[in-house]
Amino acid sequence: MTDPLFTEDAYLKECTATVVAVEEKGVLLDRTCLYARSGGQPGDSGIMRWAGGEAVIAEAIKGEAGAILHGLAPGSAAPPVGATVTLALDWASRHRHMRMHTTLHLLCSILPGIYATGNQIGAEKSRLDVDLAEPPAKEWFSEKLAELVAADHPISTTWISEAELDANPALVRTLSVQPPRGAGRVRLVRIGPQAAPIDLQPCGGTHVRSTAEIGRVEVTKLESKGRQNRRIHIVLGD
């Protein structure tokens, strides 16, 4: 199992680790600051350095039993097993993913009682699919998001047991992706104050520290993907 340092600190841009194994799909480390692709969020990329060598990490992906594999770009040689490596995260890309991911949670917050049926996060554009027959106009979504961003709501994480989640099924807002189980506990991402959050749901992804950090965001298109499935497209307004 790889210790996912990003779970507790999404702003950690570098770390040291030990090479546990070199597999066909990537380098297995004992710890990492690179997020592994899952839940619609792409895996991080970056640079891996060690004494006498350097490799480009194309994307971090999930392996078996909690392992995270660091897939190397073509032409990059892998470090030897047992080597100490330094990981440097492609922060510009990660930070855009964080801003996008938090925006998708904000979309959930302005659609209470509506379930997400799918999502895809990207650095340039993202989407959220929702179980909604008649959505408001795209301008309405953009205005609501702008209000939440301007309010500068804090974002934090907490943990609950799997039993607590079972007792509060309404916390799960997605139909397509269920919270990972087996570890005995589930991570929650909270937007807003602890006493009265505007959004609280299970999530293993990385997020910004406050809604103001998202900056300007715009809903560019609403698309029908079925009788009740609507796709909401968003871009960052940089």
Between Ala55 and Ala77 the two heavy atoms that sit nearest each other are CB-O, 3.5 Å
Leu171 and Ile160, any side-chain heavy atoms less than 4.5 Å apart
yes
Is any side-chain heavy atom of Ile234 closer than 4.5 Å to one of Leu104? yes
Is Met98 reachable from Leu145 through a run of hydrophobic residues whose side-chain heavy atoms are each under 4.5 Å from the next? yes
key: Modelled atom types, side-chain donor and acceptor of Asp131 and Thr117, under 3.5 Å   = no
dist Asp44:CG -> Arg37:CZ (nearest 0.5 Å) comes out at 12.0 Å
Next on the checklist: If we ignore hydrogens and angles and just use 3.5 Å, is the side chain of Arg230 paired with the main-chain N or O of Glu134 as donor and acceptor?
Outcome noted: no
Separation between NZ (Lys225) and CG (Asp129), nearest 0.5 Å, reads 8.0 Å
Between Cys33 and Cys15, the two heavy atoms sitting closest are N-SG, 3.5 Å
May I have the list of side-chain donor-acceptor pairs in residues 5-13 shorter than 3.5 Å, sequence neighbours left out?
residue : atom : partner : partner atom : Å
Thr7    : OG1  : Pro4    : O            : 3.3
Glu8    : OE2  : Trp159  : NE1          : 3.4
Asp9    : OD1  : Tyr11   : N            : 3.0
Tyr11   : OH   : Arg209  : N            : 2.9
Tyr11   : OH   : Glu213  : OE1          : 2.9
Tyr11   : OH   : Glu213  : OE2          : 2.9

With clusters defined by side-chain heavy atoms of hydrophobic residues (ILVMFWY) lying less than 4.5 Å apart, directly or transitively, does Val208 cluster with Leu148? yes
Transitive ILVMFWY side-chain link Trp50 to Leu89, under 4.5 Å:
yes
* Cluster question for you: counting only ILVMFWY and a side-chain heavy-atom cut-off of under 4.5 Å, with indirect links fine, are Val27 and Ile61 together? -> no
The remaining residues in the hydrophobic cluster of Val56, counting side-chain heavy-atom contacts under 4.5 Å among Ile, Leu, Val, Met, Phe, Trp and Tyr, are Ile47
One should read off an interatomic distance between Leu106 CG and Thr211 OG1, to the nearest 0.5 angstrom, of 6.5 Å
Under 4.5 Å between any side-chain heavy atoms of Val172 and Pro202, yes or no?
yes
Problem set entry | Glu162 (side chain) donor-acceptor with Gly184 (main chain) under 3.5 angstrom | yes
Residues passing the side-chain hydrogen bond (donor to acceptor under 3.5 Å, both in side chains) test with Asp30, sequence neighbours excluded, are none
With distance as the sole test, does Arg31 use its side chain to make a donor-acceptor pair with the main-chain N or O of Thr16 at under 3.5 Å?
yes
**Study point:** Flag side-chain contact, heavy atom, 4.5 Å: Ser109 against Ile191
**Key:** no
Within the distance-only criterion (no hydrogens, no angle test), does the side chain of Arg187 pair as donor or acceptor with the backbone N or O of Cys203 below 3.5 angstrom?
yes
Do Leu107 and Val130 have side chains that get closer than 4.5 Å, going by heavy atoms?
-> no
Transitively linked via ILVMFWY side-chain contacts under 4.5 Å: Val219 with Leu236?
yes
Residues Ser210 and Ile155: closest non-hydrogen pair is C-CD1, 3.7 Å
On a heavy-atom basis, the closest approach of Pro79 and Met48 is CG-SD, 3.7 Å
With sequence neighbours left out, the residues meeting ring-ring contact (aromatic ring centres under 6.0 Å, His included) with Trp140 are none
The reported gap from CE in Met100 to CD in Glu124 (rounded to nearest 0.5 angstrom) is 7.0 Å
dist Leu29:CG -> Thr84:OG1 (nearest 0.5 Å) comes out at 10.5 Å
The reported gap from NE2 in His153 to CD1 in Ile214 (rounded to nearest 0.5 angstrom) is 10.0 Å
Note: Tyr35 and Gly204 closest approach over all heavy atoms is CE1-O, 3.4 Å
- prompt: How far apart are the C-alpha atoms of Ser156 and Arg190, what are their side-chain angles, what is the distance that settles it, and do they pass the side chain to side chain donor-acceptor pair (under 3.5 Å) test?
  reply: CA-CA 5 Å; Ser156 58; Arg190 178 193 299 109; 2.9 Å; yes
Residues passing the side-chain hydrogen bond (donor to acceptor under 3.5 Å, both in side chains) test with Ser161, sequence neighbours excluded, are Glu164
key: Side-chain heavy-atom pair Lys125, Thr220 within 4.5 angstrom cut-off   = no
Partner of Gln41 under side chain to side chain donor-acceptor pair (under 3.5 Å), picked from His101, Arg94, Gln120, is His101
Closer than 3.5 angstrom, by distance alone: can the side chain of Arg173 be matched with the main-chain N or O of Cys108 as a donor-acceptor pair? yes
Subject >> Short side-chain to backbone donor-acceptor contact, Thr102 and His207, under 3.5 Å >> reply: no
His233 meets the side-chain hydrogen bond (donor to acceptor under 3.5 Å, both in side chains) criterion, sequence neighbours left out, with Glu223
Exercise. Could you check if a side-chain atom of Ile68 sits within less than 4.5 angstrom of a side-chain atom of Leu34, using non-hydrogen atoms only?
Key: no
All heavy atoms of Gly82 vs all of Thr18, minimum pair found to be O-CG2, 4.0 Å
Do Arg231 and Lys221 come close enough that some side-chain heavy atom pair is under 4.5 Å? no
